[in-house]
Amino acid sequence: MSEEKSLNFLEEIIEDDIRNGKNNGRVLTRFPPEPNGYLHIGHAKSICLNFGIAAKYNGKTNLRFDDTNPTTEDVEYVESIKKDIQWLGFKWDKELYSSDYFEQLYDFAVQLIKQGLAYVEDSTAEEIATAKGSPTEPGTPTPSRSRSIDENLLLFGEMKEGKHPEGALVLRAKVDLASPIMHLRDPLMYRIKHAQHHRTGNQWCIYPMYDFAHGQSDSIEEITHSICTLEFVPHRPLYEWFIQKLSIFPSKQYEFARLNMNYTVMSKRKLLQLVNEKYVSGWDDPRMPTISGLRRRGYTPLSIRNFSERIGIARRENLIDLSLLEFCIREDLNKSAWRRMVVLDPLKLIINNYPAGKTELMEGENNPELEDGDGFRQIPFSSELWIERDDFMEEPSKKYFRLGPGLMVRLKHAYIIRCDSFLKDESGNVTEIHCTYIPESRSGTDTSGINVKGTIHWVCAIAAETAEIRLYDRLFKVEDPSNEAGDFKEYINPNSLTVINKAFIEPDLMNAELEKGYQFIRKGYFSLDSDSTPGKPIFNRTVTLKDAWAKESQKS
RNA sequence: UGCCCGAUAGUAUAAUGGUAGUACGACUGUUUUUGGUGCAGUUUGUCUAGGUUCGAAUCCUGGUCGGGCAACCA
């Protein structure tokens, strides 16, 4: 029937597991964000993967907040993360928190101490680091390593009870200080933090490290396939070590390459800097690669899901072209966005032979891609119009299909006109152009027999409303700002935002709705910004249309 | 210089020992009342040197290149 689509390597693993009856064919994944920032397009890839792959194999996905570091986390982030996942169109099975397991994790730690596999360390962070050795030299034991089990139990209990200041003691796993895998050189399991946790408050003053929380949480939930990004590959031996020593459910970790995209940054640390240092207006600034930023910019959930599908899943490092994301949103919006006419850079056009004061209503389909145009709207027309300044050239080149002295164009949804003359101000700028219209050329009932090459958009000067338009360009001037010398912020594109205070919009756009895409004909896709107030719409440009003319004219 | 990943067109991603394909990009033509869309087509690739094999992108060995690992972050 349908074309067999090739599987990515994770799907192959899962199909293999199902064939072999592993976990009785059960598939349970999890999406485990730390609530210390907003989700970005890279997380969207992971969300689509985790939720998508589970759904494909009749499994489920838990949402688990990996909240083991109270000093960086906040409920604001928890709420934004939940909203973004739902907006993308996914439903989690259980909403869970690593902090739900603090008691259980503590018991696990006690168990390991009793097994002689964990000890309380009293060296400083620097001393610990030094004693770990280097990749080419083995580490050396600290005096704490030989502490008795009873003393370890006593001290760990004291840590929990808050008898020690931050930094005084940590709990370490006793693995192998000579391991060629640095991660196995007695990693930290617990540290003291006298901090307020966003869920457990002051109940705890010791917090498990990632390595002692993540795998165990997976295991407690009986996650079958714990999918994470490549930077966790070195953690896998430890992940397995803890599970084995604790004799708990053997969740398995698999890694794929995280998404990198050119002309932006994708680390929460850097995104946080952009927000805190006011390079952008917030996490949802339309220039941000965050899901909330893309939403505000006008991206649709479908476009992001399609994007995630197209970029694929592999273990190779990648740098995806922004143009692919743009293709995905154009593809979706072309099929769904209502067409409207807006003049961004206005020039007055007067039709000399059209009766002054007369108005007509022209009819325009909402979307020519859809059946019956997806309905129609009325567009007022009169003898005075606004057209785009770059749709007129005083001395047009050969390939220019628009207006110039003596040239004819079609006014979209209206008449064919011919340019007769134009006016200039004292500094040489064109201020007004005068035309003649062909009465029998009206759209739909054209009997003029005239063919013109160009069609331009316009807005009736009498009926026009106005709006603020925000145009966005890539946030960075270079493809990979993190890879450049110096601070990545030096490479921010100073022209990433252009504000047009007063654009002329056709009246129907006063009814524009949030999170609905509009195509401003010949200009791009736009959506209403949440800063809009009644009677004062603000539009964000989601993405331009492909513009073959811009390329053509750049050549010369 | 210890350990671990990885390497297929500009960018991604398939081919699971048997014709190197697909998408985006680029380019050409065509349609079009959006220089948009659609349609048709062109272009460019298996890191390298050996080996195994009738046959290698795929398996083996060496090399090269790229990335990661020594946070009281996740």
Side-chain angles (χ1 to χ4, degrees), chain A residues 5-8 12 32-34 36 66-69 71-73 98 121 124-125 128-130 132-139 166-172 179-185 188-193 206-207 209-211 213-214 228-237 255 257 262 268-269 309-328 330-331 334-335 339 341 364 368-369 399-402 409-414 416 441 443-444 446 451-457 519-524 544-553:
Chain A
K5 221 182 149 261
S6 60
L7 304 176
N8 65 48
E12 287 188 0
E34 184 188 13
N36 66 346
D66 220 342
D67 55 348
T68 58
N69 186 358
T71 52
T72 57
E73 296 158 6
S98 295
E121 173 68 75
T124 64
I128 293 172
T130 309
K132 275 190 184 179
S134 73
T136 50
E137 299 161 272
E166 284 185 23
L169 301 173
V170 292
L171 185 71
R172 297 177 75 178
S179 172
I181 302 166
M182 293 303 293
H183 233 82
L184 256 22
R185 318 256 261 230
L188 271 60
M189 294 165 59
Y190 268 93
R191 77 287 215 191
I192 298 170
K193 272 183 190 279
I206 56 170
Y207 291 92
M209 301 288 291
Y210 167 85
D211 286 300
H214 202 100
C228 60
T229 47
L230 243 28
E231 68 262 34
F232 293 98
V233 168
H235 297 248
R236 180 159 21 96
E255 311 87 10
N262 54 190
K268 276 195 207 167
R269 208 191 89 247
E309 189 66 35
R310 281 168 183 276
I311 56 179
I313 300 294
R315 281 171 73 84
R316 174 187 356 174
E317 305 278 351
N318 58 75
L319 184 62
I320 304 282
D321 279 345
L322 188 59
S323 64
L324 183 61
L325 221 210
E326 293 183 339
F327 167 82
C328 290
R330 287 192 188 109
E331 179 188 42
N334 179 48
K335 290 277 185 278
R339 272 55 169 174
M341 293 200 285
E369 298 290 315
K399 288 182 178 170
Y400 190 76
F401 304 157
R402 309 177 191 177
V409 294
R410 156 82 60 186
L411 293 170
K412 180 77 179 172
H413 299 309
I416 293 173
S441 67
S443 283
D446 185 349
N451 279 318
V452 291
K453 264 188 179 163
T455 300
I456 65 171
H457 62 281
Q519 186 196 96
F520 294 178
I521 291 176
R522 301 209 300 140
K523 286 283 130 186
T544 60
L545 257 27
K546 268 183 24 188
D547 190 349
W549 168 245
K551 274 181 196 168
E552 182 62 35
S553 54

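Computed from a prediction, not measured in an experiment: that's the story for all the values here.
- Listed pair A/R315 / B/rG6 meets the phosphate criterion, a side-chain N or O lying under 4.0 Å from OP1 or OP2.
- Close to B/rC73, at under 4.0 Å from its OP1 or OP2, lies a side-chain N or O of A/K193.
- An OP1 or OP2 oxygen of B/rC73 is reached within less than 4.0 angstrom by no side-chain nitrogen or oxygen of A/K268.
- When heavy atoms are screened at a 4.0 angstrom cut-off, A/I456 is found touching no nucleic acid atom at all.
- Of the nucleotides present, B/rG68 is the one that pairs with B/rC3 by Watson-Crick or G-U wobble criteria, both distances under 3.5 Å.
- Residue-level contact check: A/F520 touches neither bases nor backbone, having no heavy atom under 4.0 Å from any strand.
- Across every strand in view, B/rC59 sits in a pair with B/rG51 that passes the Watson-Crick or G-U test at under 3.5 angstrom.
- A close approach under 4.0 Å does not occur between any side-chain nitrogen or oxygen of A/K551 and OP1 or OP2 of B/rG35.
- Here B/rA71 presents its P atom at 21 Å from NE2 of A/H214, a figure rounded to the nearest Å.
- Remark: A/S6 is not in phosphate contact with B/rU13, judged by side-chain N or O atoms under 4.0 Å from OP1 or OP2.
- OP1 or OP2 of B/rC73 sits under 4.0 Å from a side-chain N or O of A/R191.
- Counting all heavy atoms, side chain and backbone alike, A/T68 lies closest to A/E73 at N-OE2, 3.4 Å.
- A/N318 comes within 4.0 angstrom of the backbone, heavy atoms only, and of no base.
- Nucleic acid contact for A/R185: none, since no nucleic acid atom lies under 4.0 Å from a heavy atom of the residue.
- The nearest whole Å value for the distance from the CG atom in A/L324 to the C1' atom in B/rG25 is 10 Å.
- The nucleotide B/rU44 finds no pairing partner, because no Watson-Crick or G-U wobble arrangement with both distances shorter than 3.5 Å includes it.
- Relative to the side chain of A/F232, the nucleotides B/rG6, B/rU34, B/rA74 differ in distance, and B/rA74 lies closest.
- From A/I416, atom CD1 reaches atom CZ of A/R410 across 4.0 Å, with rounding to the nearest 0.5 Å.
- With both pairing distances under 3.5 Å, B/rA23 is matched to B/rU11 as a Watson-Crick or G-U wobble pair.
- Distances shown here put a side-chain N or O of A/R316 below 4.0 Å from the OP1 or OP2 atom of B/rU8.
- Taking the six-membered ring for Trp and the full ring otherwise, A/Y210 and A/H235 have centroids separated by under 6.0 Å.
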